[in-house]
Amino acid sequence: MSKIPQQIIPIVIILMIVVGSFIAAKNIFVPSSFGEQGHFRTEAIQENMDLEQVYAGADACYDCHDDVAEIKSDSYHKGLSCEVCHGPASQHVEAPDEFIPDAPRGRGYCPLCHGYNPSRPSGFPQINPERHNPGKACMSCHDPHNPLLPHAPEECSACHQEIASVKIVSHHATLPCTQCHTIEKGHKTSPKFSKAHKPIDNSTCAYCHEKGSTIKKAAPKINVELHSDRYLCWDCHYPHYPEAF
Amino acid sequence: MKTITDKLIRPEIERRAFLKNCSKTLPSLLLLVASFDVQQLMAKENGVYDPTEHNYAMGINIKKCIGCARCADACKSENKVPRKPHFFRTWVERYVIPEEGEPIVDSPNGGIDGYPEISQKLHIQRTFFVPKLCNHCVKAPCVQVCPVGATFNTKDGVVLVDPKWCVGCRYCIQACPYGARYLHPETNVADKCTFCYHRITDGKLPVCVEVCPTQARIFGEKGQKSSPLRRFFRFNEIHTLKPGLNTKPKVYYAGLDGEVI
């Protein structure tokens, strides 16, 4: 006891202070749960589990919207989660009247999945949004919860598919059929008795293509008299695909 | 001897005070016991979550992916990932492999806003989409390099980040061979996919799997008979990304092209 060399004492004191403050620092800075299960804070697991859920999950919608769910359940869209279109809806499930989810009604939305893209797997139904019934909301023909193809009589294309599918890729894509055809009431339901009429003279075409016409800027202009004095325009141009002869 | 017992047995007046205090603390004590009971009951009812019963993993079928990137979009909402390019927990890459030359890979804003048209001049040999995310490696390089133990493998097979403990040194971001991590611009800590740990431990699906319209993403457990992953493993040829690095990824790809890196 008595014979500790004097030089050692300060070293021992310093050492004890260093070790002591290390232990103190470790106790202060290293959280208690560190190292219980590995080289990490065990509490972090629980903290990760406790994060807020923003998406409610498909099952959550069925209790209240069983009508929509039933329609969807045997449609082409059966594999789609409600929330992929309507957005996260946990808040809506908790307070249905306070938070009402959006419905994507714009034409830009569906093409996120259905717009033609060569990288998509072949066989997946795709359309060219610029050519596929432009100007109309997708919902006017397709029910988003059951996107079966539209009922036949609603569109000219239902029966005149060949013409419609040619026109849709032509320079006349944006022209409605009724621009050039007048339809008797009932043509869509009983076409044999209620006639549709074809244009009778070049004025139909001149309406847009005559030099000086201001109807459609994009329509290339010609001098109708010089361009075609003795013929009907459709003797040379196929009206549903005018760029071809 | 006597003096000690004298000290122990307090005078009358203090005993009264003691009893009074007792009557005050008793209700709160009872409450404490009761709350323990309730907690235990609730835990029993919900079935206490036991991580050792699980081993989560994900399957991705490239042939089903339509590149709509609804997964990447939903992930940002669910996990509060900044709505700016370059911050993703999951994203969808487009591969275009031309007849001649190097494959072209792009993922503008993770694919969320769609992809630019491929140049008409390019003769495409084949093209497809590859969704990417953290691979939750069994031998995760990020875990190995973390100097403070802020990222770790859990018993249920997920790699998590401890945002309170992370010091933002970015070693893990450098170390990850899959580019799956980013530095969160607001919190300045590393962030990445957790398989939606808060959802899966509650019996729900990760949100990317939830919203996938073509079921190109499959979530489940390895080594469980009832898991959807089992069928995925049985009927597909399975690959992982960069198997040569021996990281033992837990994201399995079907239909993976040799050009994918």
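The chains referred to below are lettered A, B, ... by the order of the sequence lines, with proteins before strands, and numbering in each begins at 1.
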[X] side chain to [Y] main-chain N or O, any donor-acceptor pair under 3.5 Å?
{"X": "B:Asn135", "Y": "B:Cys137", "answer": "no"}
{"X": "A:Arg120", "Y": "A:Gly115", "answer": "yes"}
{"X": "B:Thr127", "Y": "B:Tyr95", "answer": "yes"}
{"X": "B:Ser227", "Y": "B:Gly220", "answer": "no"}
{"X": "B:Glu93", "Y": "B:Phe129", "answer": "no"}

Which bit of [X] is near chain A, if near means a heavy-atom gap under 4.5 Å: side chain, backbone, both or neither?
{"X": "B:Asn79", "value": "neither"}
{"X": "B:Val148", "value": "backbone"}
{"X": "B:Cys212", "value": "backbone"}
{"X": "B:Arg199", "value": "both"}
{"X": "B:Thr194", "value": "side chain"}
{"X": "B:Val161", "value": "backbone"}
{"X": "B:Glu210", "value": "both"}

Should the ring pair [X] and [Y] be called parallel, tilted or perpendicular, given that the plane angle runs from 0 to 90° and is split at 30 and 60?
{"X": "B:Phe219", "Y": "B:Tyr56", "result": "parallel"}
{"X": "A:His92", "Y": "A:His65", "result": "parallel"}
{"X": "B:Tyr182", "Y": "B:Phe87", "result": "tilted"}
{"X": "A:His132", "Y": "A:His142", "result": "parallel"}

Please flag which part of [X] lies under 4.5 Å from any non-hydrogen atom of chain B: side chain, backbone, both or neither.
{"X": "A:Tyr116", "answer": "neither"}
{"X": "A:Phe124", "answer": "side chain"}
{"X": "A:Gln53", "answer": "both"}
{"X": "A:Asn117", "answer": "side chain"}
{"X": "A:Pro118", "answer": "both"}
{"X": "A:Ala60", "answer": "neither"}

Ring-ring centroid check A:His171 A:Tyr241, cutoff 6.0 Å: no
Examine B:Lys76 relative to B:Phe88 and say whether NZ or CZ is less than 6.0 Å from the centre of the six-membered ring and inside a 45° cone about the ring axis. yes
B:Lys155 and B:Asp50 ion-paired at < 4.0 Å: no
Hey, are B:Asp191 and B:Arg89 close enough for a salt bridge, meaning a charged N less than 4.0 Å from a carboxylate O?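 B:Arg89 and B:Asp191: salt-bridged.
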Quick check on the structure: residues of residues 60-73 of chain B within a heavy-atom distance below 4.5 Å of chain A, by number.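 So far as heavy atoms go, B:Lys63, B:Lys64, B:Cys65, B:Ile66, B:Gly67, B:Cys68, B:Arg70 are the residues that approach chain A to under 4.5 Å.
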Only pairs of heavy atoms separated by less than 4.5 Å count here; which of B:Val211, B:Ile118, B:Thr151 has the most with chain A?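 Among B:Val211, B:Ile118, B:Thr151, the one with the most close pairs to chain A is B:Val211.
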Could you check which of B:Lys204, B:Glu78, B:Lys164 has the highest count of heavy-atom pairs closer than 4.5 Å to chain A? B:Glu78
Any idea which of A:Leu51, A:Asp50, A:Leu80 has the most non-hydrogen atom pairs under 4.5 angstrom with chain B? A:Leu51
For chain B, which candidate among A:Glu83, A:Glu43, A:Gln37, A:Gln126 shows the most heavy-atom pairs at distances under 4.5 Å? A:Gln37
What residues form a side chain to side chain donor-acceptor pair (under 3.5 Å) with B:Thr247, not counting sequence neighbours?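 For B:Thr247, the residues satisfying side chain to side chain donor-acceptor pair (under 3.5 Å) (neighbours in sequence not counted) are B:Tyr178.
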